[in-house]
Amino acid sequence: MQRAAITIDERDVGVQPWCSSDEVAARVETVQATVGEGTAVDAVATGMPVSVVDLTANCGHWPDFAAALAREPVSGAMTAMPMPMRLGAVRFGALDLYRISPGHPNGSMMSAGLHIADIITAHLVSPGSGSAEQAGEWLRRPLTSASIHQAAGMMIAQRGLGPADAYATLRSYAVHQDISLAEVAERVLRRRIRFGRDAR
């Protein structure tokens, strides 16, 4: 494991980056958040580890994820370890582990990854860490998803969309314009993008 990232799964908006070890991991996490596909998305949905042995060639299971990654300077392999815990609207989604070269994760990497995911989850919910109160404070670090929620709220209030449709509209626009979901949200908040009332 040479890189790592943590994503959280938020109701309606889906998997969002929480922290990344470096720029390469951050790029992959941004792609997952924008297109709504990838290892972390599937790991959260299934509760099972999900791997990609080559980020440049083996992502065909997720066509939008593969297409977006092809435009990014990323390579290697990754595995998403689910972290099945819920705090209010946040389901603490997945730990993504990266190798700098393509290949299948070995047994020691899988074991270590699951152990690390368990440690993170246990830290958030253990009495010694302040339980849910301290975990909530931990989760209040700056997140790009804050602007996404605000943009969706504007669309709900001004355009009469339901929450799921608002987030889907933002994500669809991001994919078609080849920009991140967070960037779309910022443009909405700055009134640089306006969606019609019939936007879905």
Side-chain angles (χ1 to χ4, degrees), residues 5-45 59 62-74 78 80 82-96 124 132 135-200:
I6 296 173
T7 62
I8 60 172
D9 183 49
E10 299 185 71
R11 186 172 54 233
D12 294 322
V13 70
V15 168
Q16 292 296 306
W18 188 67
C19 61
S20 303
S21 63
D22 62 15
E23 183 61 28
V24 173
R27 287 177 182 273
V28 178
E29 301 306 327
T30 296
V31 167
Q32 289 195 96
T34 298
V35 302
E37 294 179 349
T39 58
V41 177
D42 280 11
V44 169
C59 299
W62 308 286
D64 290 337
F65 182 60
L69 275 189
R71 298 187 289 270
E72 298 288 347
V74 299
M78 69 181 294
M83 295 190 294
M85 184 193 75
R86 186 181 294 277
L87 288 173
V90 175
R91 182 168 46 187
F92 213 87
L95 168 67
D96 287 344
L124 288 174
E137 183 63 33
W138 201 45
L139 289 171
R140 281 193 285 271
R141 292 183 181 183
L143 287 169
T144 56
S145 58
S147 62
I148 297 169
H149 293 313
Q150 291 172 359
M154 286 176 60
M155 296 176 67
I156 291 167
Q158 297 174 4
R159 306 301 179 190
L161 296 178
D165 284 337
Y167 289 113
T169 300
L170 292 172
R171 177 167 280 118
S172 177
Y173 186 92
V175 171
H176 285 99
Q177 296 297 315
D178 191 24
I179 58 178
S180 73
L181 188 57
E183 187 173 350
V184 172
E186 288 296 334
R187 291 184 184 184
V188 170
L189 295 177
R190 294 173 184 270
R191 310 300 199 278
R192 293 178 180 172
I193 300 174
R194 296 182 183 275
F195 295 98
R197 179 168 288 277
D198 60 349
R200 291 293 189 276

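Excluded from the calculations below are hydrogen atoms, water molecules and symmetry mates; all remaining heavy atoms, backbone and side chain alike, are included.
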[X] to [Y] - nearest heavy-atom pair and separation:
| X | Y | answer |
| --- | --- | --- |
| Val175 | Thr34 | CG2-O, 4.0 Å |
| Leu170 | Ala152 | CD1-N, 3.9 Å |
| Ala66 | Cys59 | CB-O, 3.5 Å |

Please report the interatomic distance [atom1]([X]) to [atom2]([Y]), rounded to the nearest 0.5 Å.
| X | Y | atom1 | atom2 | result |
| --- | --- | --- | --- | --- |
| Met83 | Leu95 | CE | CG | 5.5 Å |
| Tyr173 | Asp178 | OH | CG | 12.0 Å |
| Ile193 | Glu183 | CD1 | CD | 8.0 Å |

Exercise. Could you please spell out the steps behind the side chain to side chain contact (heavy atoms under 4.5 Å, CB included) verdict for Val35 and Phe65?
Key: CA-CA 6 Å; Val35 302; Phe65 182 60; 4.2 Å; yes

Quiz prompt | Reference residue Ser147; test side chain to side chain contact (heavy atoms under 4.5 Å, CB included); the match among Val184, Leu181, Val188, Leu189 | solution =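 Only match with Ser147 under side chain to side chain contact (heavy atoms under 4.5 Å, CB included): Leu189.
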
Quiz prompt | Backbone N/O of Ala168 and side chain of Ser172: donor-acceptor pair under 3.5 Å | solution =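 A pair under 3.5 Å: no.
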
Exercise. Check for a donor-acceptor pair, side chain of Glu29 on one end and backbone N or O of Pro17 on the other, with a separation under 3.5 Å.
Key: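 Here the side-chain-to-backbone pair does not exist.
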
Self-check item: Intermediate values then yes/no, side chain to side chain contact (heavy atoms under 4.5 Å, CB included), Tyr167 and His149
Solution: CA-CA 8 Å; Tyr167 289 113; His149 293 313; 2.7 Å; yes

Practice problem: Please identify each residue that fulfils side chain to side chain contact (heavy atoms under 4.5 Å, CB included) with Ile156, with sequence neighbours left out. | Solution: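 In terms of side chain to side chain contact (heavy atoms under 4.5 Å, CB included), with neighbours along the sequence ignored, Ile156 is linked to Pro163, Ala166.
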
Quiz item: Does the side chain of Asp9 pick up a donor-acceptor pair with the side chain of Gln16 at under 3.5 Å?
Solution: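 Result is no, nothing qualifies.
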
So, do [X] and [Y] sit near enough that their side-chain heavy atoms are less than 4.5 Å apart?
| X | Y | result |
| --- | --- | --- |
| Ile179 | Arg187 | yes |
| Glu72 | Val24 | no |
| Thr39 | Gln32 | yes |
| Asp96 | Ile6 | no |

Quiz prompt | Residues forming a salt bridge (charged side-chain N to carboxylate O under 4.0 Å, His left out) with Asp64, sequence neighbours excluded | solution =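 Once residues adjacent in sequence are excluded, Asp64 has no partner under the salt bridge (charged side-chain N to carboxylate O under 4.0 Å, His left out) criterion.
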
Exercise. Please assess Glu186 against Gln150 for the test side chain to side chain contact (heavy atoms under 4.5 Å, CB included), listing each intermediate value before the final yes or no.
Key: CA-CA 9 Å; Glu186 288 296 334; Gln150 291 172 359; over 6 Å; no

Practice problem: Verify side chain to side chain contact (heavy atoms under 4.5 Å, CB included) between Arg27 and Arg71, making sure each step is shown before the conclusion. | Solution: CA-CA 10 Å; Arg27 287 177 182 273; Arg71 298 187 289 270; over 6 Å; no

